[in-house]
> 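Have a look at this one.
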Amino acid sequence: MTDTHSPAYARPERRLLPQPTAESAAFWTGGRDGQLLISRCRACGHFFHPPGPVCWRCRSTDVGPEPVSGRATVAAYTINRQPWIPGYPPPYVVAMVELADEPDVRLITNIVDVPLDEVRVGLEVEVFFEQWPAQPGPDDSPVWLPLFRRATATVGGAR
Amino acid sequence: MSGGPFDGKAVVTGAGKSQVGRRLGRTGLDLTIEAVTRAIADAGLSVDDVDGIASYPGPGVPDLGFSGASITEVRNALGLRSRWYLSSTETAGQIGPAIEACMAVTLGLANHVVVYRSVWESTAQAGAGRASVLFGGGTVSGHLEYTGPFGALSAANWLSMPAQRYMHDFGLTREQLSAIPLNARANAGLNPDAIYRDPLTLDDYLNARMISEPLCLFDCDVPCDGATAVVISRRDAAAGLPRHPLTVESVGTGMFERATWDQRVDVTTMAAHDVAATLWEHTTLRAADVDLAQLYDGFSFLTVMWLEALGFCEHGKVGPFIEGGERIALNGPLPLNTSGGQLSGGRLHGMGFLHEACVQLWGEGGERQAPNSPEVAVVGVGGGPVGGAMLLSTR
Ligand SMILES: [Zn+2]
(Lines give C-alpha, C1' and ligand atoms only; values in the text may rest on other atoms or scores of the structure.)
Protein backbone atom coordinates (compact mmCIF):
# COMPACT_ATOMS: atom_id res chain seq x y z
CA MET A 1 0.00 0.00 0.00
CA THR A 2 1.29 3.43 -0.84
CA ASP A 3 -0.41 6.39 0.76
CA THR A 4 -1.34 9.28 -1.47
CA HIS A 5 -2.33 11.73 1.20
CA SER A 6 0.23 14.21 2.40
CA PRO A 7 -0.19 15.86 5.78
CA ALA A 8 0.63 19.55 6.09
CA TYR A 9 4.32 20.08 5.55
CA ALA A 10 6.52 19.93 8.59
CA ARG A 11 10.23 20.52 8.15
CA PRO A 12 12.24 17.33 8.57
CA GLU A 13 14.45 16.83 11.56
CA ARG A 14 17.48 16.73 9.30
CA ARG A 15 18.56 17.73 5.81
CA LEU A 16 21.93 17.35 4.17
CA LEU A 17 23.14 20.90 3.76
CA PRO A 18 25.25 22.75 1.24
CA GLN A 19 28.45 24.50 2.20
CA PRO A 20 28.06 27.63 0.08
CA THR A 21 30.96 28.58 -2.14
CA ALA A 22 31.82 32.01 -3.56
CA GLU A 23 29.69 31.05 -6.57
CA SER A 24 26.72 29.48 -4.80
CA ALA A 25 26.43 31.71 -1.71
CA ALA A 26 23.85 34.05 -3.28
CA PHE A 27 21.61 31.13 -4.27
CA TRP A 28 21.66 29.67 -0.78
CA THR A 29 21.32 32.94 1.16
CA GLY A 30 18.94 35.04 -0.96
CA GLY A 31 16.12 33.68 1.14
CA ARG A 32 17.35 35.85 4.02
CA ASP A 33 15.64 38.70 2.16
CA GLY A 34 12.93 36.51 0.67
CA GLN A 35 14.64 36.53 -2.74
CA LEU A 36 15.39 33.64 -5.08
CA LEU A 37 18.72 34.70 -6.59
CA ILE A 38 19.65 33.04 -9.88
CA SER A 39 22.79 33.64 -11.95
CA ARG A 40 22.10 35.94 -14.87
CA CYS A 41 24.21 36.99 -17.83
CA ARG A 42 24.25 40.74 -18.31
CA ALA A 43 25.44 40.37 -21.90
CA CYS A 44 22.63 38.17 -23.28
CA GLY A 45 20.15 38.57 -20.45
CA HIS A 46 19.59 34.84 -19.88
CA PHE A 47 19.51 33.16 -16.50
CA PHE A 48 21.43 29.95 -15.89
CA HIS A 49 21.85 27.36 -13.15
CA PRO A 50 23.79 26.14 -11.31
CA PRO A 51 25.73 29.34 -10.61
CA GLY A 52 29.13 29.78 -12.25
CA PRO A 53 31.63 32.32 -13.48
CA VAL A 54 30.55 32.35 -17.14
CA CYS A 55 27.37 32.23 -19.23
CA TRP A 56 27.20 28.89 -21.05
CA ARG A 57 25.20 30.44 -23.90
CA CYS A 58 27.30 33.47 -24.91
CA ARG A 59 30.41 32.86 -22.74
CA SER A 60 30.32 36.31 -21.23
CA THR A 61 31.83 36.55 -17.78
CA ASP A 62 29.66 39.55 -16.94
CA VAL A 63 27.38 37.46 -14.79
CA GLY A 64 25.90 37.69 -11.33
CA PRO A 65 22.96 36.75 -9.16
CA GLU A 66 19.66 38.54 -9.72
CA PRO A 67 16.26 38.01 -8.13
CA VAL A 68 13.58 36.14 -10.04
CA SER A 69 9.86 36.08 -9.39
CA GLY A 70 9.94 32.78 -7.55
CA ARG A 71 7.15 31.45 -9.76
CA ALA A 72 7.76 28.15 -11.46
CA THR A 73 6.12 25.16 -13.10
CA VAL A 74 6.65 21.50 -12.29
CA ALA A 75 8.52 19.95 -15.23
CA ALA A 76 8.98 16.50 -13.72
CA TYR A 77 8.67 14.95 -10.29
CA THR A 78 9.04 11.83 -8.24
CA ILE A 79 7.52 10.67 -4.99
CA ASN A 80 10.49 9.33 -3.12
CA ARG A 81 9.51 6.27 -1.06
CA GLN A 82 12.94 5.07 0.02
CA PRO A 83 14.46 6.23 3.29
CA TRP A 84 17.90 7.63 2.48
CA ILE A 85 18.58 10.04 5.32
CA PRO A 86 17.91 9.37 9.00
CA GLY A 87 15.69 12.20 10.16
CA TYR A 88 14.14 12.81 6.75
CA PRO A 89 11.53 10.07 6.36
CA PRO A 90 9.67 9.41 3.10
CA PRO A 91 7.39 9.97 1.36
CA TYR A 92 8.42 13.33 -0.05
CA VAL A 93 8.18 14.92 -3.48
CA VAL A 94 11.35 15.79 -5.38
CA ALA A 95 10.73 17.86 -8.47
CA MET A 96 12.41 19.68 -11.29
CA VAL A 97 10.73 23.06 -11.57
CA GLU A 98 11.11 25.43 -14.51
CA LEU A 99 11.40 29.09 -13.60
CA ALA A 100 8.73 31.40 -14.99
CA ASP A 101 11.51 33.90 -15.75
CA GLU A 102 13.50 31.40 -17.85
CA PRO A 103 11.77 28.07 -18.47
CA ASP A 104 14.90 26.13 -19.42
CA VAL A 105 16.42 26.91 -16.04
CA ARG A 106 15.37 24.12 -13.73
CA LEU A 107 15.85 23.73 -10.02
CA ILE A 108 15.72 20.49 -8.10
CA THR A 109 13.54 21.10 -5.07
CA ASN A 110 10.73 19.73 -2.93
CA ILE A 111 7.07 20.34 -3.63
CA VAL A 112 5.35 20.56 -0.26
CA ASP A 113 1.85 21.10 1.08
CA VAL A 114 0.34 19.52 -2.02
CA PRO A 115 -1.35 16.09 -1.66
CA LEU A 116 0.85 13.50 -3.32
CA ASP A 117 -1.81 12.57 -5.85
CA GLU A 118 -2.23 16.20 -6.91
CA VAL A 119 1.37 16.82 -7.90
CA ARG A 120 1.60 16.83 -11.68
CA VAL A 121 3.55 18.12 -14.64
CA GLY A 122 2.46 21.69 -15.27
CA LEU A 123 1.50 22.46 -11.67
CA GLU A 124 2.20 26.12 -10.95
CA VAL A 125 4.22 26.64 -7.82
CA GLU A 126 5.95 29.43 -5.91
CA VAL A 127 9.05 29.57 -3.78
CA PHE A 128 9.37 29.87 -0.03
CA PHE A 129 12.46 29.45 2.07
CA GLU A 130 13.47 27.17 4.90
CA GLN A 131 16.35 28.36 7.04
CA TRP A 132 19.01 25.95 8.30
CA PRO A 133 21.99 26.71 10.50
CA ALA A 134 25.51 27.28 9.26
CA GLN A 135 27.72 24.31 8.45
CA PRO A 136 31.47 24.40 8.87
CA GLY A 137 33.02 25.54 5.59
CA PRO A 138 34.43 28.46 3.69
CA ASP A 139 31.23 30.46 4.29
CA ASP A 140 29.72 29.94 7.72
CA SER A 141 26.41 31.62 6.91
CA PRO A 142 23.09 29.96 7.57
CA VAL A 143 21.38 28.75 4.38
CA TRP A 144 17.87 29.28 3.09
CA LEU A 145 16.70 26.31 1.02
CA PRO A 146 14.26 27.25 -1.77
CA LEU A 147 11.21 24.97 -1.52
CA PHE A 148 8.05 25.25 -3.58
CA ARG A 149 4.33 25.04 -2.83
CA ARG A 150 1.21 25.55 -4.90
CA ALA A 151 1.07 29.06 -6.33
CA THR A 152 -1.45 31.25 -4.52
CA ALA A 153 -2.38 33.33 -7.57
CA THR A 154 -1.49 32.89 -11.22
CA VAL A 155 0.77 35.26 -13.08
CA GLY A 156 -1.17 37.92 -14.97
CA GLY A 157 -4.46 36.57 -13.64
CA ALA A 158 -4.55 33.72 -16.16
CA ARG A 159 -6.72 30.65 -15.44
CA MET B 1 35.30 -4.76 -42.05
CA SER B 2 37.64 -1.86 -42.68
CA GLY B 3 36.66 1.75 -42.27
CA GLY B 4 35.32 3.30 -39.12
CA PRO B 5 37.34 5.35 -36.69
CA PHE B 6 39.99 2.65 -36.28
CA ASP B 7 39.99 1.47 -39.91
CA GLY B 8 39.35 -2.09 -38.72
CA LYS B 9 42.62 -2.20 -36.78
CA ALA B 10 41.16 -2.33 -33.25
CA VAL B 11 39.86 -5.78 -32.35
CA VAL B 12 38.80 -7.63 -29.21
CA THR B 13 40.80 -10.82 -28.73
CA GLY B 14 39.80 -12.05 -25.29
CA ALA B 15 37.38 -11.60 -22.41
CA GLY B 16 37.37 -12.65 -18.78
CA LYS B 17 35.21 -12.46 -15.71
CA SER B 18 35.93 -13.07 -12.04
CA GLN B 19 33.71 -14.77 -9.56
CA VAL B 20 30.58 -12.60 -9.26
CA GLY B 21 28.38 -12.50 -6.18
CA ARG B 22 27.10 -10.80 -3.06
CA ARG B 23 29.42 -10.19 -0.14
CA LEU B 24 32.14 -12.46 -1.41
CA GLY B 25 34.55 -11.08 1.17
CA ARG B 26 37.30 -10.80 -1.46
CA THR B 27 39.20 -7.60 -2.17
CA GLY B 28 38.73 -5.59 -5.31
CA LEU B 29 42.32 -6.28 -6.33
CA ASP B 30 41.86 -10.03 -5.92
CA LEU B 31 38.76 -10.01 -8.13
CA THR B 32 40.50 -7.76 -10.65
CA ILE B 33 43.51 -10.02 -11.00
CA GLU B 34 41.19 -12.98 -11.57
CA ALA B 35 39.31 -11.21 -14.38
CA VAL B 36 42.40 -9.68 -15.99
CA THR B 37 44.42 -12.89 -16.06
CA ARG B 38 41.43 -14.84 -17.39
CA ALA B 39 40.96 -12.31 -20.20
CA ILE B 40 44.64 -12.45 -21.10
CA ALA B 41 44.61 -16.26 -21.14
CA ASP B 42 41.37 -16.22 -23.13
CA ALA B 43 43.16 -14.16 -25.79
CA GLY B 44 45.92 -16.78 -25.93
CA LEU B 45 48.42 -14.32 -24.46
CA SER B 46 50.62 -14.18 -21.40
CA VAL B 47 50.96 -11.19 -19.08
CA ASP B 48 54.31 -10.49 -20.74
CA ASP B 49 52.57 -10.06 -24.12
CA VAL B 50 50.27 -7.37 -22.75
CA ASP B 51 51.76 -3.90 -23.08
CA GLY B 52 48.79 -1.71 -22.23
CA ILE B 53 46.25 -1.41 -19.45
CA ALA B 54 43.19 0.79 -19.01
CA SER B 55 40.34 1.09 -16.54
CA TYR B 56 37.46 3.11 -15.18
CA PRO B 57 37.45 4.92 -12.78
CA GLY B 58 40.94 4.75 -11.33
CA PRO B 59 41.79 6.14 -7.90
CA GLY B 60 40.52 9.36 -6.39
CA VAL B 61 36.80 8.70 -6.25
CA PRO B 62 34.86 7.93 -3.06
CA ASP B 63 35.60 4.26 -2.68
CA LEU B 64 33.05 2.10 -0.88
CA GLY B 65 33.92 -0.64 -3.30
CA PHE B 66 33.24 1.52 -6.37
CA SER B 67 36.82 1.35 -7.56
CA GLY B 68 38.01 -2.22 -7.24
CA ALA B 69 41.66 -1.65 -8.07
CA SER B 70 43.73 1.13 -9.60
CA ILE B 71 46.01 0.55 -12.57
CA THR B 72 49.00 1.11 -10.32
CA GLU B 73 47.85 -1.67 -8.00
CA VAL B 74 47.22 -4.08 -10.88
CA ARG B 75 50.47 -3.26 -12.69
CA ASN B 76 52.44 -3.68 -9.49
CA ALA B 77 50.68 -6.89 -8.55
CA LEU B 78 51.29 -8.50 -11.94
CA GLY B 79 54.65 -6.93 -12.78
CA LEU B 80 52.99 -5.77 -16.00
CA ARG B 81 55.34 -3.84 -18.31
CA SER B 82 53.04 -1.32 -19.98
CA ARG B 83 53.93 0.88 -22.93
CA TRP B 84 50.59 2.71 -22.54
CA TYR B 85 48.13 3.04 -19.66
CA LEU B 86 45.15 5.12 -18.68
CA SER B 87 42.37 5.38 -16.15
CA SER B 88 39.64 7.93 -16.26
CA THR B 89 36.22 8.91 -15.02
CA GLU B 90 35.74 11.93 -17.27
CA THR B 91 35.33 9.81 -20.38
CA ALA B 92 32.61 8.17 -22.46
CA GLY B 93 31.00 6.24 -19.65
CA GLN B 94 32.45 3.21 -17.96
CA ILE B 95 33.65 1.81 -21.30
CA GLY B 96 35.47 5.04 -22.16
CA PRO B 97 38.85 3.45 -21.34
CA ALA B 98 38.05 0.57 -23.75
CA ILE B 99 37.45 3.14 -26.48
CA GLU B 100 40.72 4.84 -25.61
CA ALA B 101 42.45 1.46 -25.76
CA CYS B 102 41.18 1.11 -29.35
CA MET B 103 42.87 4.41 -30.13
CA ALA B 104 46.10 3.31 -28.46
CA VAL B 105 46.41 0.05 -30.42
CA THR B 106 45.41 1.71 -33.69
CA LEU B 107 48.11 4.35 -33.24
CA GLY B 108 50.69 1.71 -32.34
CA LEU B 109 51.19 2.88 -28.77
CA ALA B 110 50.51 -0.68 -27.62
CA ASN B 111 49.79 -4.08 -29.17
CA HIS B 112 47.50 -5.63 -26.56
CA VAL B 113 45.66 -3.59 -23.93
CA VAL B 114 43.82 -5.24 -21.10
CA VAL B 115 40.81 -3.17 -20.02
CA TYR B 116 39.00 -3.92 -16.78
CA ARG B 117 36.30 -2.67 -14.42
CA SER B 118 35.98 -4.08 -10.95
CA VAL B 119 33.67 -3.42 -8.03
CA TRP B 120 33.30 -4.86 -4.56
CA GLU B 121 30.40 -2.69 -3.44
CA SER B 122 28.47 -5.56 -1.91
CA THR B 123 31.25 -6.37 0.50
CA ALA B 124 32.43 -2.79 1.09
CA GLN B 125 28.95 -1.52 1.91
CA ALA B 126 27.80 -4.53 3.86
CA GLY B 127 25.69 -3.58 6.83
CA ALA B 128 25.37 0.10 5.91
CA GLY B 129 23.47 1.80 3.15
CA ARG B 130 25.51 3.73 0.63
CA ALA B 131 23.83 6.97 1.66
CA SER B 132 24.65 6.57 5.33
CA VAL B 133 28.26 5.81 4.47
CA LEU B 134 28.62 8.69 2.03
CA PHE B 135 26.66 11.37 3.82
CA GLY B 136 27.37 10.76 7.48
CA GLY B 137 28.98 14.22 7.67
CA GLY B 138 25.72 16.04 7.08
CA THR B 139 26.88 18.18 4.15
CA VAL B 140 26.89 17.76 0.37
CA SER B 141 29.06 19.32 -2.32
CA GLY B 142 29.75 19.05 -6.04
CA HIS B 143 26.64 18.28 -8.07
CA LEU B 144 25.00 16.94 -4.90
CA GLU B 145 25.05 20.51 -3.56
CA TYR B 146 21.89 21.15 -5.59
CA THR B 147 20.11 17.82 -5.06
CA GLY B 148 21.12 16.47 -1.64
CA PRO B 149 19.44 19.21 0.44
CA PHE B 150 16.12 18.12 -1.07
CA GLY B 151 16.59 14.47 -0.22
CA ALA B 152 17.49 13.57 -3.82
CA LEU B 153 20.63 11.61 -3.12
CA SER B 154 20.36 8.68 -5.44
CA ALA B 155 20.35 8.28 -9.20
CA ALA B 156 17.00 6.58 -8.52
CA ASN B 157 15.64 10.05 -7.68
CA TRP B 158 17.40 11.89 -10.50
CA LEU B 159 16.22 9.33 -13.08
CA SER B 160 12.72 8.84 -11.83
CA MET B 161 11.94 12.45 -12.74
CA PRO B 162 12.72 12.14 -16.47
CA ALA B 163 11.08 8.71 -16.41
CA GLN B 164 7.92 10.27 -14.98
CA ARG B 165 8.03 13.04 -17.60
CA TYR B 166 8.56 10.50 -20.40
CA MET B 167 5.54 8.53 -19.17
CA HIS B 168 3.54 11.77 -19.02
CA ASP B 169 4.53 12.94 -22.50
CA PHE B 170 4.56 9.64 -24.40
CA GLY B 171 2.29 7.30 -22.48
CA LEU B 172 4.93 4.76 -21.50
CA THR B 173 3.29 2.52 -18.89
CA ARG B 174 4.77 0.54 -16.01
CA GLU B 175 3.49 -2.62 -17.71
CA GLN B 176 5.53 -1.75 -20.79
CA LEU B 177 8.58 -0.76 -18.76
CA SER B 178 8.42 -4.08 -16.91
CA ALA B 179 9.63 -5.77 -20.10
CA ILE B 180 13.17 -4.56 -19.31
CA PRO B 181 13.51 -6.15 -15.83
CA LEU B 182 11.43 -9.21 -16.75
CA ASN B 183 13.62 -9.86 -19.79
CA ALA B 184 16.74 -9.40 -17.69
CA ARG B 185 15.49 -11.88 -15.10
CA ALA B 186 14.53 -14.44 -17.72
CA ASN B 187 18.04 -14.28 -19.17
CA ALA B 188 19.64 -14.34 -15.72
CA GLY B 189 17.89 -17.65 -15.11
CA LEU B 190 20.12 -19.07 -17.84
CA ASN B 191 23.31 -17.48 -16.46
CA PRO B 192 24.88 -19.41 -13.58
CA ASP B 193 26.86 -16.30 -12.53
CA ALA B 194 23.82 -14.04 -12.18
CA ILE B 195 22.81 -12.71 -8.75
CA TYR B 196 19.01 -13.05 -9.07
CA ARG B 197 17.85 -16.10 -11.03
CA ASP B 198 14.38 -16.89 -9.68
CA PRO B 199 11.55 -16.18 -12.12
CA LEU B 200 10.00 -12.71 -11.94
CA THR B 201 6.41 -12.11 -13.02
CA LEU B 202 4.50 -9.04 -14.11
CA ASP B 203 2.51 -9.26 -10.88
CA ASP B 204 5.72 -9.32 -8.84
CA TYR B 205 6.81 -6.21 -10.69
CA LEU B 206 3.55 -4.30 -10.38
CA ASN B 207 3.29 -5.08 -6.66
CA ALA B 208 6.91 -4.31 -5.83
CA ARG B 209 7.96 -1.72 -3.32
CA MET B 210 8.36 1.73 -4.86
CA ILE B 211 11.80 3.29 -4.51
CA SER B 212 11.15 6.62 -6.20
CA GLU B 213 7.97 6.69 -8.26
CA PRO B 214 7.59 5.56 -10.99
CA LEU B 215 10.64 3.34 -10.40
CA CYS B 216 10.24 0.32 -8.14
CA LEU B 217 12.68 -2.10 -6.60
CA PHE B 218 12.93 -4.17 -9.78
CA ASP B 219 13.81 -1.09 -11.86
CA CYS B 220 17.04 -0.72 -9.87
CA ASP B 221 20.15 -2.85 -10.31
CA VAL B 222 21.83 -4.85 -7.58
CA PRO B 223 25.28 -4.07 -6.14
CA CYS B 224 27.71 -6.96 -6.36
CA ASP B 225 31.33 -7.96 -6.13
CA GLY B 226 32.97 -8.83 -9.40
CA ALA B 227 35.29 -7.82 -12.22
CA THR B 228 35.21 -8.03 -15.99
CA ALA B 229 38.00 -7.52 -18.49
CA VAL B 230 38.63 -7.62 -22.21
CA VAL B 231 41.81 -7.57 -24.30
CA ILE B 232 41.89 -5.05 -27.12
CA SER B 233 44.56 -5.73 -29.72
CA ARG B 234 45.78 -4.29 -33.00
CA ARG B 235 44.66 -6.62 -35.78
CA ASP B 236 48.17 -7.31 -37.11
CA ALA B 237 49.41 -8.14 -33.60
CA ALA B 238 46.49 -10.54 -33.17
CA ALA B 239 47.49 -12.80 -36.08
CA GLY B 240 47.70 -16.39 -34.90
CA LEU B 241 45.72 -15.87 -31.70
CA PRO B 242 43.06 -18.49 -31.01
CA ARG B 243 39.94 -16.37 -31.12
CA HIS B 244 38.23 -14.86 -34.12
CA PRO B 245 39.03 -11.15 -33.63
CA LEU B 246 35.96 -8.96 -33.08
CA THR B 247 36.16 -5.73 -35.03
CA VAL B 248 35.40 -2.47 -33.26
CA GLU B 249 33.33 -0.96 -36.06
CA SER B 250 32.50 2.30 -34.33
CA VAL B 251 32.40 4.09 -31.02
CA GLY B 252 30.11 6.74 -29.61
CA THR B 253 31.66 9.46 -27.47
CA GLY B 254 29.49 12.52 -28.11
CA MET B 255 28.45 14.94 -25.40
CA PHE B 256 26.74 17.99 -26.82
CA GLU B 257 24.88 19.45 -23.89
CA ARG B 258 25.93 20.38 -20.40
CA ALA B 259 26.45 17.18 -18.46
CA THR B 260 23.82 17.50 -15.78
CA TRP B 261 20.84 15.47 -14.66
CA ASP B 262 18.42 18.38 -14.88
CA GLN B 263 19.50 21.15 -17.28
CA ARG B 264 19.36 19.29 -20.60
CA VAL B 265 17.10 21.22 -22.99
CA ASP B 266 14.80 18.20 -23.48
CA VAL B 267 14.54 16.29 -20.21
CA THR B 268 13.15 13.24 -22.01
CA THR B 269 16.55 12.71 -23.66
CA MET B 270 19.95 11.99 -22.12
CA ALA B 271 23.63 11.78 -22.95
CA ALA B 272 22.83 8.47 -24.68
CA HIS B 273 21.25 10.45 -27.51
CA ASP B 274 24.45 12.40 -28.17
CA VAL B 275 26.56 9.26 -27.83
CA ALA B 276 24.41 7.34 -30.30
CA ALA B 277 24.51 10.18 -32.83
CA THR B 278 28.30 10.02 -32.93
CA LEU B 279 28.34 6.20 -33.01
CA TRP B 280 26.38 6.20 -36.29
CA GLU B 281 28.44 9.07 -37.74
CA HIS B 282 31.51 6.85 -37.90
CA THR B 283 30.06 3.82 -39.67
CA THR B 284 27.87 2.75 -42.57
CA LEU B 285 26.21 0.14 -40.37
CA ARG B 286 22.78 1.07 -39.06
CA ALA B 287 20.50 0.05 -36.20
CA ALA B 288 18.76 -2.38 -38.57
CA ASP B 289 22.07 -4.27 -38.94
CA VAL B 290 22.38 -4.91 -35.20
CA ASP B 291 21.68 -8.49 -34.02
CA LEU B 292 22.32 -8.06 -30.30
CA ALA B 293 22.06 -5.18 -27.83
CA GLN B 294 23.80 -4.86 -24.48
CA LEU B 295 22.39 -1.66 -23.02
CA TYR B 296 23.05 -0.24 -19.60
CA ASP B 297 20.37 -1.03 -17.07
CA GLY B 298 21.60 0.41 -13.81
CA PHE B 299 17.96 1.51 -13.91
CA SER B 300 15.43 0.08 -16.35
CA PHE B 301 14.65 3.54 -17.70
CA LEU B 302 18.24 3.93 -18.91
CA THR B 303 17.75 0.97 -21.24
CA VAL B 304 14.67 2.74 -22.58
CA MET B 305 16.82 5.78 -23.30
CA TRP B 306 19.48 3.69 -25.07
CA LEU B 307 16.94 1.84 -27.22
CA GLU B 308 15.46 5.01 -28.64
CA ALA B 309 18.74 6.93 -28.75
CA LEU B 310 20.33 4.20 -30.87
CA GLY B 311 17.41 4.35 -33.29
CA PHE B 312 15.74 1.00 -32.62
CA CYS B 313 12.54 3.04 -32.38
CA GLU B 314 11.54 6.68 -32.66
CA HIS B 315 11.80 9.16 -29.81
CA GLY B 316 8.92 8.56 -27.44
CA LYS B 317 7.96 5.20 -28.98
CA VAL B 318 9.79 2.80 -26.69
CA GLY B 319 6.61 1.69 -24.94
CA PRO B 320 5.09 -0.15 -27.91
CA PHE B 321 8.55 -1.36 -28.94
CA ILE B 322 9.25 -3.26 -25.72
CA GLU B 323 5.66 -4.12 -24.81
CA GLY B 324 5.37 -7.80 -24.04
CA GLY B 325 9.12 -8.25 -24.44
CA GLU B 326 9.07 -10.39 -27.60
CA ARG B 327 11.35 -8.11 -29.62
CA ILE B 328 14.05 -8.05 -26.95
CA ALA B 329 13.78 -11.68 -25.81
CA LEU B 330 16.66 -14.11 -26.22
CA ASN B 331 14.86 -15.71 -29.17
CA GLY B 332 13.63 -12.40 -30.57
CA PRO B 333 15.08 -10.25 -33.34
CA LEU B 334 17.05 -8.05 -30.92
CA PRO B 335 18.21 -10.09 -27.91
CA LEU B 336 18.86 -7.62 -25.08
CA ASN B 337 21.04 -7.91 -21.99
CA THR B 338 21.48 -11.64 -22.42
CA SER B 339 23.42 -12.21 -19.19
CA GLY B 340 20.67 -10.68 -17.07
CA GLY B 341 22.10 -7.17 -17.22
CA GLN B 342 22.86 -5.38 -14.01
CA LEU B 343 19.24 -5.63 -12.89
CA SER B 344 19.54 -9.36 -12.28
CA GLY B 345 23.14 -10.18 -13.13
CA GLY B 346 24.75 -7.66 -10.78
CA ARG B 347 26.20 -4.19 -11.11
CA LEU B 348 29.46 -4.94 -12.89
CA HIS B 349 29.17 -1.30 -13.85
CA GLY B 350 29.25 -1.13 -17.59
CA MET B 351 32.03 -3.48 -18.60
CA GLY B 352 29.80 -6.48 -18.01
CA PHE B 353 27.88 -5.46 -21.14
CA LEU B 354 31.02 -5.36 -23.28
CA HIS B 355 32.09 -8.71 -21.88
CA GLU B 356 28.72 -10.27 -22.66
CA ALA B 357 28.66 -8.85 -26.19
CA CYS B 358 31.99 -10.56 -26.90
CA VAL B 359 30.87 -13.88 -25.40
CA GLN B 360 27.74 -13.84 -27.57
CA LEU B 361 29.57 -12.86 -30.76
CA TRP B 362 31.92 -15.79 -30.17
CA GLY B 363 28.87 -18.02 -29.75
CA GLU B 364 29.84 -19.05 -26.24
CA GLY B 365 26.78 -17.96 -24.30
CA GLY B 366 25.94 -21.54 -23.39
CA GLU B 367 22.33 -21.87 -22.29
CA ARG B 368 21.82 -18.14 -22.83
CA GLN B 369 23.42 -18.01 -26.29
CA ALA B 370 21.24 -15.91 -28.58
CA PRO B 371 19.88 -18.30 -31.24
CA ASN B 372 20.11 -15.69 -33.99
CA SER B 373 23.90 -16.20 -34.16
CA PRO B 374 24.67 -12.50 -33.74
CA GLU B 375 27.29 -10.92 -35.99
CA VAL B 376 26.83 -7.27 -35.03
CA ALA B 377 26.42 -6.16 -31.42
CA VAL B 378 25.94 -2.73 -29.91
CA VAL B 379 27.03 -1.88 -26.40
CA GLY B 380 25.68 1.28 -24.76
CA VAL B 381 26.94 2.10 -21.31
CA GLY B 382 26.17 4.82 -18.80
CA GLY B 383 23.19 6.99 -18.18
CA GLY B 384 21.97 10.43 -17.28
CA PRO B 385 24.76 12.87 -18.06
CA VAL B 386 27.41 10.33 -19.16
CA GLY B 387 27.64 7.55 -21.70
CA GLY B 388 29.69 5.70 -24.27
CA ALA B 389 28.94 3.13 -26.94
CA MET B 390 30.75 0.54 -29.04
CA LEU B 391 29.67 -1.34 -32.13
CA LEU B 392 31.35 -4.73 -32.57
CA SER B 393 31.17 -7.26 -35.37
CA THR B 394 32.51 -10.65 -36.36
CA ARG B 395 33.27 -9.31 -39.86
ZN1 LIG C 1 25.10 35.20 -21.97
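Numbered from 1 within each chain, the chains take letters A, B, ... in sequence-line order. A quick note: this is a predicted structure, and the numbers were derived from the prediction, not measured.
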> List in chain and number order the residues that pass ring-ring contact (aromatic ring centres under 6.0 Å, His included) with Trp28(A), two or more places apart in sequence or in another chain; answer none if no residue qualifies.
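In terms of ring-ring contact (aromatic ring centres under 6.0 Å, His included), with neighbours along the sequence ignored, Trp28(A) is linked to Tyr146(B).
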> When you compare the side chains of Ser344(B) and Arg185(B), does any donor N or O come within less than 3.5 Å of an acceptor on the partner?
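Judged by distance alone, the side chains do pair up.
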> Do the numbers put Arg149(A) on top of the ring of Phe128(A), so that NZ or CZ is under 6.0 Å from the six-membered ring centre and no more than 45° off the axis?
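Arg149(A) over Phe128(A) ring: yes.
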> Please state whether the rings of His143(B) and Trp158(B) are parallel, tilted or perpendicular, taking 30° and 60° as the class boundaries.
perpendicular
> Where on Pro51(A) is there a heavy atom nearer than 4.5 Å to chain B: the side chain, the backbone, both, or neither?
both
> Please rank Ser160(B), Pro214(B), Gly148(B), Gly151(B) by heavy-atom pairs under 4.5 Å with chain A and give me the top one.
Gly151(B)
> What residue, out of Tyr77(A), Trp132(A), Tyr92(A), has the most heavy-atom pairs lying under 4.5 Å from chain B?
Tyr77(A)
> Nearest 0.5 Å, please: how far is CZ in Phe301(B) from CH2 in Trp306(B)?
13.5 Å
> Given that the side chain runs from C-beta out, which part of Ala95(A) has a heavy atom under 4.5 Å from chain B: side chain, backbone, both or neither?
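It is the backbone, since no side chain atom gets that close.
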> With a 4.5 angstrom heavy-atom cut-off, is it the side chain or the backbone of Arg264(B) that approaches chain A, or both, or neither?
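The answer is the backbone of Arg264(B).
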